[in-house]
Amino acid sequence: MRGAKVKSKSGRPLRPKVKSGPELPLLPIAVGGILIVIAIVIAIMAFSKAHTNPTSGPPTVAGIPCDQLEHTQTHYHAALQIIFEGHQVGIPSDVGRLSTCFYWLHVHPEAPGVIHIESPKSRVFTLGEFFKVWAASKKTPEPLDQTHVSVFTLTADQKLVIYIDHQNDKKGPQLYTGDPAAIVLTNDHEVITIEITPPTVSPPPTFTFPSGL
């Protein structure tokens with residue numbers, strides 16, 4: 001009869017069988033979950049390291065960073081001439097300029113020998129700092145002292161002769177006998193001439209700033 005309960009041999013009614021679905025593979029699920037957790041932990045550690053200990057990007061040199069934009073709050077120009085045994089030496093046209101940023105002291109190819117001082121704040125900049133930027137941007141040693149000028153090391157029979165011409169004071173080139181690295185880059189179309197002699201080129205070559213600088 002429909003609806004009648006089926007009894008076991010003991011007389012007790014039998015429980016109906018419940019159909020179950022296919023069993024889930026627990027081991028692959030557990031392994032997958034562990035791998036996801038490990039991936040999340042690695043991502044968090046990498047993110048934290050990148051933000052607490054950055055290793056990418058050009059270094060800050062003498063307090064001068066390499067910024068993505070050029071600044072105009074402080075903006076003026078000085079010129080540098082290097083003369084080795086009577087011959088003028090070119091200064092790389094990309095000093096201080098990288099593909100991703102500009103140091104506050106840098107050079108442009110359209111103005112050879114001109115140091116562009118472009119900073120977001122007013123501060124004193126020196127020729128020694130420019131040489132440090134030169135070294136950092138070119139990844140080459142660029143020392144500056146009484147016996148070293150960039151790639152040149154003075155021998156016993158050579159000496160350094162330095163002239164500074166503050167063009168705005170109309171006095172012409174003046175002999176400078178101090179530390180070349182301490183020369184201040186000034187806002188008066190200053191021309192700095194560093195000679196490795198002999199021979200001494202006196203007066204030093206004239207320098208004309210390009211139009212617009």
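Each residue takes its place number in the sequence, starting with 1. What's counted below: heavy atoms across the whole structure, side chains too, no hydrogens, waters or symmetry copies.
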- Message: Which residue is it: I194, I82, V149? I am looking for the one with a side chain to side chain contact (heavy atoms under 4.5 Å, CB included) to V89.
- Response: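 Per the side chain to side chain contact (heavy atoms under 4.5 Å, CB included) rule, the option paired with V89 is I82, out of I194, I82, V149.
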Determine whether [X] and [Y] make a side-chain contact, defined as any pair of heavy atoms from C-beta on separated by less than 4.5 Å.
X: L160; Y: I162; value: yes
X: T193; Y: P173; value: no
X: V184; Y: F125; value: no
X: I183; Y: I164; value: yes

Ring pair (Phe, Tyr, Trp, His ring centres under 6.0 Å) partners for [X], two or more places apart:
X: H148; result: none
X: F209; result: H189, F207
X: H166; result: none
X: Y76; result: none

- Message: Just to verify, what does E85 make a side-chain hydrogen bond (donor to acceptor under 3.5 Å, both in side chains) with, not counting sequence neighbours?
- Response: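 For E85 the side-chain hydrogen bond (donor to acceptor under 3.5 Å, both in side chains) partners, ignoring immediate neighbours, are Q158.
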Give a yes or no on whether [X] and [Y] share a hydrophobic cluster (residues Ile, Leu, Val, Met, Phe, Trp, Tyr; joining criterion: side-chain heavy atoms under 4.5 Å apart).
X: W104; Y: F102; answer: no
X: L144; Y: L154; answer: yes
X: L80; Y: F84; answer: yes
X: I83; Y: V191; answer: no

Below 3.5 Å, can you tabulate the donor-acceptor pairs from side chains in residues 127-136 to any protein atom, sequence neighbours excluded?
| from | atom 1 | to | atom 2 | distance (Å) |
| --- | --- | --- | --- | --- |
| E129 | OE1 | R123 | NH2 | 3.1 |
| E129 | OE1 | T126 | N | 3.1 |
| E129 | OE2 | R123 | NH2 | 2.7 |

Over all heavy atoms of both residues, which pair between [X] and [Y] is shortest? Give the atoms and the distance, please.
X: H71; Y: S119; value: CB-C, 3.6 Å
X: G96; Y: S137; value: N-OG, 3.0 Å
X: P205; Y: Q88; value: CG-OE1, 4.1 Å
X: V107; Y: G113; value: CG1-N, 4.5 Å
X: P58; Y: L98; value: CG-CD2, 3.5 Å

Is [X] reaching over with its side chain to a backbone N or O of [Y], donor-acceptor style, under 3.5 angstrom?
X: E190; Y: D165; answer: no
X: S150; Y: F152; answer: no
X: R97; Y: Y103; answer: no
X: S93; Y: P109; answer: no

- Item | Residue pairs fulfilling side chain to side chain donor-acceptor pair (under 3.5 Å) with at least one residue in residues 198-213, sequence neighbours excluded |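 As it turns out, the side chain to side chain donor-acceptor pair (under 3.5 Å) pairs with a partner in residues 198-213, which skip direct neighbours, are Y163-S202.
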- Query: Quick one: side chain to side chain donor-acceptor pair (under 3.5 Å) pairs with a partner in residues 169-182, sequence neighbours left out?
  - Reply: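 For residues 169-182, and leaving out neighbouring residues, there are no side chain to side chain donor-acceptor pair (under 3.5 Å) pairs at all.
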Separation between [atom1] of [X] and [atom2] of [Y], rounded to the nearest 0.5 Å:
X: H77; Y: D188; atom1: NE2; atom2: CG; value: 13.5 Å
X: I91; Y: E142; atom1: CD1; atom2: CD; value: 10.0 Å
X: H106; Y: I115; atom1: NE2; atom2: CD1; value: 11.0 Å

- Item | Derivation and outcome, side-chain contact (heavy atoms from CB on, under 4.5 Å), residues T74 and K121 | CA-CA 6 Å; T74 297; K121 58 184 179 181; 5.8 Å; no
- Message: Is it the case that over 12 heavy atoms from other parts of the model lie below 6.0 angstrom from the CD atom of Q68?
- Response: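 Not more than 12 within 6.0 Å, no.
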- Message: List the residues meeting side-chain contact (heavy atoms from CB on, under 4.5 Å) with T147, not counting sequence neighbours, and say none if there are none.
- Response: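 Applying side-chain contact (heavy atoms from CB on, under 4.5 Å) to T147 gives D145.
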- Only counting residues at least two apart or in another chain, list the ones meeting side-chain contact (heavy atoms from CB on, under 4.5 Å) with E110.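 E110 satisfies side-chain contact (heavy atoms from CB on, under 4.5 Å) with H108 only.
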- Item | Chi angles and distances behind the side-chain contact (heavy atoms from CB on, under 4.5 Å) call for I64, L105 | CA-CA 8 Å; I64 303 171; L105 307 178; 3.9 Å; yes
- Message: If only side-chain N and O atoms count, and only distance matters, is there a donor-acceptor pair under 3.5 Å linking E118 with H75?
- Response: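 E118 and H75 do have a side-chain donor-acceptor pair below 3.5 Å.
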- Item | Contact list for residues 139-195, test disulfide (SG to SG under 2.5 Å), sequence neighbours left out |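 Output for this query is empty, none listed.
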- Can you pull the disulfide (SG to SG under 2.5 Å) pairs that have at least one residue in residues 62-109, sequence neighbours excluded?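 Sorted pair list: C66-C101.
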- Query: Is there a side-chain contact (heavy atoms from CB on, under 4.5 Å) between V201 and V161 once you walk through the steps?
  - Reply: CA-CA 9 Å; V201 181; V161 177; over 6 Å; no
